[in-house]
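Shown next, in structure tokens, is the structure this report addresses.
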Amino acid sequence: MKKLLAQGVVTLLTLLAINHSLSAQSIVGAWKRTAIITTYSDGKTTDDMAELTKAMPCTADIVYVFEANGNLSMRVPKGCPIPAVLSTWKLNGSTLTTSMKDLTNTDQVSISGNTMTTTHVYSPQDKYVPKGTKSIKIIYKKD
């Protein structure tokens, strides 16, 4: 019983530490994507940012703005063919949920200094799963 109680206390303290860490280093602000790391079912990983930037150089300058009121907007460079999508965000511990129209995405998020990392593990519930893809990790730097 004491061991179970001790494990419960350690788990609670860990969750509080994660929540405090994310609160202390808020995602509110402007972020620029620096890496898109795809992990495939066979274990292979690729960083797709270079290929995307080569195909569409303007994507390297898109800024994602997480507003304190829960809105998420994009600053897209003039002339870039990517539409500036508006959505909402909510952070619960280390779980980030973003929503727009009928699409909701849930990721795990971590922040260290000026770097934010979001990780999405694909599941059968996802509306769109790229063939052979297990997860995607996106790394951002504070703008």
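Just so we're clear, the structure is a prediction, and the values are computed from it rather than from any experiment.
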Is the shortest heavy-atom distance from the side chain of K127 to the side chain of D102 under 4.5 Å? yes
Within the side chain of [X], is there an N or O that forms a donor-acceptor pair under 3.5 Å with the backbone of [Y]?
| X | Y | answer |
| --- | --- | --- |
| D107 | V109 | no |
| S41 | G132 | yes |
| S94 | Q108 | no |
| D47 | I37 | no |
| W89 | E67 | yes |
| D61 | C58 | no |

Which pair of heavy atoms, one from [X] and one from [Y], lies closest together, and at what distance?
| X | Y | value |
| --- | --- | --- |
| P83 | M74 | O-CE, 3.8 Å |
| V129 | S123 | CG2-O, 3.8 Å |
| T104 | S99 | OG1-OG, 3.3 Å |

Distance check, rounded to the nearest 0.5 Å: [X] atom [atom1] versus [Y] atom [atom2]?
| X | Y | atom1 | atom2 | answer |
| --- | --- | --- | --- | --- |
| W31 | N114 | CH2 | CG | 6.5 Å |
| T38 | I138 | OG1 | CD1 | 8.5 Å |
| I36 | T59 | CD1 | OG1 | 7.0 Å |
| T118 | I136 | OG1 | CD1 | 8.0 Å |
| I139 | T117 | CD1 | OG1 | 4.5 Å |
| D143 | I62 | CG | CD1 | 12.5 Å |

Check whether more than 12 heavy atoms from other residues, nucleotides or ligands sit under 6.0 Å from atom [atom1] of [X], and answer yes or no.
| X | atom1 | value |
| --- | --- | --- |
| E51 | CD | no |
| K90 | NZ | no |
| K32 | NZ | yes |

Criterion side-chain contact (heavy atoms from CB on, under 4.5 Å) on Y64 and M116, from CA distance to verdict: CA-CA 12 Å; Y64 300 84; M116 174 171 66; over 6 Å; no
Can you list the steps and then say if K137 with T45 is a side-chain contact (heavy atoms from CB on, under 4.5 Å)? CA-CA 10 Å; K137 180 190 308 185; T45 62; over 6 Å; no
Run the ring-ring contact (aromatic ring centres under 6.0 Å, His included) test against Y122 and tell me which residues pass, sequence neighbours left out. H120
Shared hydrophobic cluster for [X] and [Y] (ILVMFWY, side-chain gaps under 4.5 Å):
| X | Y | answer |
| --- | --- | --- |
| V65 | Y140 | no |
| M100 | L72 | yes |
| V63 | M49 | no |
| V76 | L52 | yes |
| I82 | V85 | yes |

Can you sort out the partners of K141 under salt bridge (charged side-chain N to carboxylate O under 4.0 Å, His left out), two or more places apart, ordered by chain and number? none
Return the set of residues passing side-chain hydrogen bond (donor to acceptor under 3.5 Å, both in side chains) with T46 (not counting sequence neighbours), or none when no residue passes. D48
Checking side-chain contact (heavy atoms from CB on, under 4.5 Å) for the pair L86/N71: CA distance, chi angles, key distance, verdict? CA-CA 7 Å; L86 299 175; N71 288 329; over 6 Å; no
